[in-house]
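In what follows, a structure is listed as structure tokens, so that the remarks can point back to it.
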There are 2 protein chains.
Amino acid sequence: MAAARALGLSRLAAASAPLSGRLRPHPPRGRTPLPRAALHGSAPRPAARVALVLSGCGVYDGTEIHEASAILVHLSRGGAEVQIFAPDVPQMHVIDHTKGQPSESETRNVLTESARIARGKIADLATLSAANHDAAIFPGGFGAAKNLLCCIAPVLAAKVLRGVEVTVGHEQEEGGKWPYAGTAEAIKALGAKHCVKGVAEAHVDLKNKVVTTPAFMCETALHHIYDGIGAMVKKVLELTGK
Amino acid sequence: MAAARALGLSRLAAASAPLSGRLRPHPPRGRTPLPRAALHGSAPRPAARVALVLSGCGVYDGTEIHEASAILVHLSRGGAEVQIFAPDVPQMHVIDHTKGQPSESETRNVLTESARIARGKIADLATLSAANHDAAIFPGGFGAAKNLLCCIAPVLAAKVLRGVEVTVGHEQEEGGKWPYAGTAEAIKALGAKHCVKGVAEAHVDLKNKVVTTPAFMCETALHHIYDGIGAMVKKVLELTGK
């Protein structure tokens, strides 16, 4: 599940750590702040400045890898400037994906694991500042970090924005196509409005400037999820007005 | 760098472990063989059966995450049936991507880490059988596994197929756009033919049935790399004749 919020990042703290959103083939240079670079070198208008917030590397550990990668591809095509952030905290658990359960003895750091997706171009979430970005995108995932829950993102929006409109797809399981359909009820219980959408669609809450798409909440082919994330990114970039 | 070989998997050993290429939102069920599922539910013709061979999770550890994800999206759109494999061996090193250098004390297993990208639907490379697949795709990455080198994939093809035609992009650095341009010389030194291609192109060696694309050998925006991988996957699926 991927969700995005344009503007209004005042809840997010502190100074900015500019970071290249461009994924480079050479070894990363660590956490040193780097100048921003447009993901698309020939953007026809001023590039939207987008923060991508990761929470690990692998669904159930944190960020769902394919959602994060799809977001970066669509932001690149949209000519955005991207900075990638993650919290510098221990993971709550480390999933052994071959078994589908946590490895009891293992511990990993959320920022360090997120850097695998960011190819090293990543900064501590604590340095994220609304003043430096037009939008922030929170890919989904079911992982949890100690002191920071990084859960299915629209639920996070519902938790912090009273009355926000979000989508996690359909509200009935429909024979297993929507295995997390019950999430819509949890969203309503938080005082938010759930809007039914297909996997290739995105919902825009214009008042709160929140864009959501079902992504992996739907049991479907990967390219449909990729397309839904593309619809979300397109709406986010439209909301930035750039 | 992503490279693909259609047919001719006789070098790869043993019985098949069928595996769903579909990325599921629920927890993985471990290494138990599962029936194949088309990534596209309504493929208009018999689906090509494609093996995707991973070598870890993160460039310099092994598989470049964004290359692997793009391959899966394009295979999904192309209606392929995908099985994902990785060698069940220790990684040579574990990269701290925030520092761009190995973590001395850490050890990880290539198959277990690859399962983060496969979302658990993965089998030991030793069980891969040519008889069960129309093509195999080897995403690039600079990682190495003890007993199995998983290097920039076209070099691997050049190593095992005398006289094969491959591309790693351009043969001059061009001011840093092609930082690994020297790889072309290494390919020629192995007796293979290097064909100059752009990042959004793929080269097809019809005789050896090998398809290659530069991918991250080029310093460019991510969506151009995604498009080049799309061109490669399209040619691979054409070569399967399905």
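Order of the sequence lines fixes the chain letters, A, B, ..., with proteins taken first and strands second; residue numbering starts at 1 for each chain.
From B:Ile65, atom CD1 reaches atom CG of A:Leu72 across 11.0 Å, with rounding to the nearest 0.5 Å. Here the straight-line distance linking atom CD1 of B:Ile95 with atom CZ of A:Arg119 works out to 12.0 Å at 0.5 Å rounding.
Although no hydrogens or angles enter the test, the distance criterion places a donor-acceptor pair under 3.5 Å between the side chain of B:Ser76 and the main chain of A:His223. Side-chain atoms of A:His66 come within 3.5 Å of backbone atoms of B:Ile117 as a donor-acceptor pair (strictly under, hydrogens ignored). No donor-acceptor pair under 3.5 Å is formed between the side chain of B:Thr98 and the backbone N or O of A:Thr112.
Atom CD of A:Gln172 is surrounded by 12 or fewer heavy atoms from other residues, nucleotides or ligands within 6.0 Å. Counting heavy atoms of neighbouring residues, nucleotides and ligands inside a 6.0 Å radius, atom NZ of B:Lys242 exceeds 12 of them. The neighbour count for B:Lys197 NZ, taken as heavy atoms of other residues, nucleotides or ligands under 6.0 Å away, is above 12.
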Review point. Between A:Tyr226 and B:His74, does a side-chain contact (heavy atoms from CB on, under 4.5 Å) hold up when you go through it step by step?
Key: CA-CA 10 Å; A:Tyr226 176 89; B:His74 289 297; over 6 Å; no
Practice item. Begin with the C-alpha distance, continue with both residues' side-chain angles, and end with the deciding distance and a verdict on side-chain contact (heavy atoms from CB on, under 4.5 Å) for A:His97 and B:Lys121. Key: CA-CA 8 Å; A:His97 291 265; B:Lys121 302 292 182 291; over 6 Å; no
Check your understanding: Could you go step by step and tell me if A:Val73 and B:Ser69 meet the side-chain contact (heavy atoms from CB on, under 4.5 Å) rule?
Key -> CA-CA 10 Å; A:Val73 172; B:Ser69 188; over 6 Å; no
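Under a 4.0 Å N-O distance rule, the pair A:Arg108/B:Glu113 qualifies as a salt bridge.
Smallest separation of non-hydrogen atoms from A:Val94 and B:Arg116: CG1-NH2, 3.6 Å.
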